[in-house]
Amino acid sequence: MKNIAIIGSSGGNLYNLGGKEPHKLLNEIIQQANSAGINVADIVFVGADMSMDKVNSTTQARLITFDNEMVTGNYEILKTTNEKAMKADQQLAQKIINNEIDGIVVMSADPSSINKASLEAAAEKNIPIVGTGGTSMAKIQNIGANILAVSGTTGTTNRTRAISAISSLSKAFGLKYKPVIGSSGSSSTEESGNLKDRISVRGIMMASLPGFIAMSLVLALSKVSFLSEFGEIFNLLINVLPVIVAAIAAKQVSGLDEIGIVSGIVAGALSVQGGIIGGIIGGILAGLLASYMIRKAFDWKIPGTTANLIGGGLAGLIAGLFVYFLIAPIALAGGNAIRDLIEGALALSPALAGLVAGALIWPAILGGVYHAAILPIVLLEMESTGMSFLGAVDMVGLVMVSAGITLANILSPRRKENRSLAIPGFLINIGFGTFVEAAYPFMFSSKYVMGTAILSAAIGGLLVGVLGVFGTAYVPSVIAPGLSNNALGFVIAMLVAMFLSMGLTIISNRFTKEKVND
């Protein structure tokens, strides 16, 4: 196995691009090195509490070294930390002379003083060096070191710098390297990677949900007479939604953090005419392209800054233009078709549509279908109006029914210990409009309570349909009616569902108590 060392500091410009979090910077290099089968055998890294461009006599810094794992010293005056770093660097130099180190990753090092011994030893042994820091890398070249790749810091991230460095070293060592992406390090930028794990519409929608809730809140404010100008803000937010989902999609698919986000924003801005479906498609394409293009850029030894410009800008532009010219009309038509289907069902029979939606919503969430199918439809409905028929059914049939079941177990629990279990669930459902899982223990322990949940949700859904309610979930229950088109109708449906589920659960609890006692 090849052994490498990491030397340097939190740097000047580097400080603002990841250097102020040295453990994240170093762990990223270690993670990428492990993927290539390279061992990080030593670290000499000075992490200051400010940019090295602004240091003074009171600047604090700590030395990070390596002894089977990272060892972090205490914050001290920078001068003291530098003196300790020089001693550690001299020890590293001896390892290089003894052929214990095969390569070096440099991050804003000081070849004239602190890191002088190790770099001169590396030049003498002609071991490969890669790194960032324009001034320092130029000085290292001047001492005759074997520089494989030099990268600036502007426009780069911890991950892309690490990928660039390890990509160059693995080639020099003749090792196969698959850059690691994602926080878990479980997937790679290879085209052969498991796309199913990297592309999740459910994950994209869930992460984007706060943007839709913000739009719904603005819509509610626009209904207030003296806040009518919020109507224009609502229209603006509708156009922003595709950008939000595209940025989330590109970040998740590419695993490149800021670079992925930038590519998604560029793609999303060009995908607006395709609605959120267009934004999702554009974001996924941008993420895939960013991941592929940045790997190819490093393969071709393109500097890190340029590689990031390619991955963040060009990938997003290509994906966005593809959606703009080819996909947007189809995506928009698809979204409209789904909304038309719901509107058609409501026009045909509002009561039946609400009854069926309410009756199926618990089986959907218990069967794992809700987040994959229903939530995307809710967001598609909200995209055009800020409100949703299925969103209202969600609040009434899931949140309020769960609140009713937990309230019943507070007032008349089947077992005394159930009361303490039910109280937090009830408060969270009422206060935050989410945590329907609070009803699961009671539903799974009694088929009667399970039937109660489905029946109460069906009746609540029927009322949503009959009263023509459009609203949203994932907001506090007490303010949900204010975000709907029919506040009174929403309140009626919510209260009926909650008290029906509460009453039936109390009856069920007493009935099963009697059976147990018998």
Between E381 (side chain) and L390 (backbone), is there a donor-acceptor pair under 3.5 Å? yes

Original post:
Within a strict 4.5 Å, meaning less than it, do heavy atoms of the L375 and Y474 side chains meet?
Top reply: yes

I want to check something: taking the side chain as every heavy atom from C-beta on, are I38 and L175 in contact at a cut-off of under 4.5 Å?
yes

Practice prompt. Would you please say whether a donor-acceptor pair under 3.5 Å links the side chains of S167 and S164?
Written response: no

In this structure, CD1 of I163 is separated from CG of N158 (nearest 0.5 Å) by 11.0 Å

Taking the side chain as everything from C-beta on, heavy atoms only, tell me whether L17 gets closer than 4.5 Å to T157. no

D49 vs K20 side-chain heavy atoms within contact, under 4.5 Å:
no

| message | Counting neighbours of OH on Y440 that are heavy atoms of other residues, nucleotides or ligands and sit closer than 6.0 Å, is the number greater than 12? | response | yes

What one should report as the nearest heavy-atom pair of M387 and S484 is SD-C, 3.4 Å

Does the side chain of N27 come within less than 4.5 Å of M70's, by heavy atoms? yes

(Q) Using a 6.0 Å cut-off, check whether atom CD of E232 has over 12 heavy atoms from anything other than its own residue. (A) no

Indicate yes or no for a side-chain donor-acceptor contact from N486 to the backbone of F470 under 3.5 Å, with no hydrogens or angles considered.
no

Run the side-chain contact (heavy atoms from CB on, under 4.5 Å) test on M382 and L241 for me, step by step, so that the C-alpha distance in whole Å, both residues' side-chain angles and the decisive distance to 0.1 Å come before the verdict.
CA-CA 10 Å; M382 292 181 68; L241 291 178; over 6 Å; no

Interatomic distance, CG@L219 vs CG@L483, rounded to 0.5 Å, equals 8.0 Å

F66 vs I6, side-chain contact (heavy atoms from CB on, under 4.5 Å): CA-CA, chis, key distance, verdict: CA-CA 9 Å; F66 196 80; I6 305 171; over 6 Å; no

For a 4.5 angstrom cut-off between non-hydrogen side-chain atoms, does I276 reach L380? yes

Tightest non-hydrogen contact, residues V272 and N239, listed as CG2-O, 3.5 Å

To the nearest 0.5 Å, atom CG of L309 lies from atom CE of M293 at 11.0 Å

Distance col, row M494:CE vs L463:CG, nearest 0.5 angstrom, shows 12.5 Å

Legend entry - side-chain contact (heavy atoms from CB on, under 4.5 Å) between I129 and L148, intermediate numbers included: CA-CA 6 Å; I129 297 175; L148 292 185; over 6 Å; no

Hey, are the side chains of V436 and N429 touching, using non-hydrogen atoms and a 4.5 Å cut-off?
-> yes

| said: salt bridge (charged side-chain N to carboxylate O under 4.0 Å, His left out), that's the test. Do E28 and R161 meet it? Break it down for me. | reply: CA-CA 9 Å; E28 193 67 62; R161 285 191 297 272; over 6 Å; no

How about NZ on K171, more than 12 heavy atoms from neighbouring residues, nucleotides or ligands closer than 6.0 Å, or not?
yes

In this structure, CG of L221 is separated from OG of S228 (nearest 0.5 Å) by 11.5 Å

N336 side chain to L332 backbone, donor-acceptor under 3.5 Å
yes

Check your understanding: Is the closest basic N to carboxylate O distance between E258 and K251 below 4.0 Å?
Key -> no

*Any donor-acceptor pair under 3.5 Å from S271 side chain to G274 backbone*: no

- Side chains of D340 and E343: does their closest heavy-atom pair fall under 4.5 Å? yes

| query | Would the number of heavy atoms belonging to other residues, nucleotides or ligands and lying under 6.0 Å from CZ of F432 be above 12? | reply | no

ask   = Would you say the side-chain atoms of S263 pair up with the backbone N or O of G260, donor to acceptor, closer than 3.5 Å?
value = yes

Closest heavy-atom pair, S10 versus A48, reported as atoms and distance to 0.1 Å, is OG-N, 3.0 Å

### Task
May I have the step-by-step check of side-chain contact (heavy atoms from CB on, under 4.5 Å) for M107 and I7, ending in yes or no?
CA-CA 6 Å; M107 293 284 160; I7 66 172; over 6 Å; no

- Query: Any sub-3.5 Å donor-acceptor pair from D42's side-chain atoms to A5's backbone N or O?
  - Reply: no

Within the distance-only criterion (no hydrogens, no angle test), does the side chain of Q32 pair as donor or acceptor with the backbone N or O of P179 below 3.5 angstrom?
no

* To do: Please confirm whether the backbone N or O of A290 pairs with a side-chain atom of S254, one donor and one acceptor, at under 3.5 Å?
  => no

Of all heavy-atom pairs linking M50 and K54, the shortest is SD-O, 3.2 Å

Counting distance only, does the side-chain N/O of N115 pair as donor-acceptor with the main-chain N or O of A109 below 3.5 Å? no

Of all heavy-atom pairs linking G211 and I244, the shortest is CA-CD1, 4.1 Å

inquiry  = Closer than 3.5 angstrom, by distance alone: can the side chain of S291 be matched with the main-chain N or O of G287 as a donor-acceptor pair?
reply    = no

Correct closest heavy-atom pair for I64 and P22 would be CD1-CB, 3.7 Å

In this structure, CD1 of I29 is separated from CG of L25 (nearest 0.5 Å) by 5.0 Å

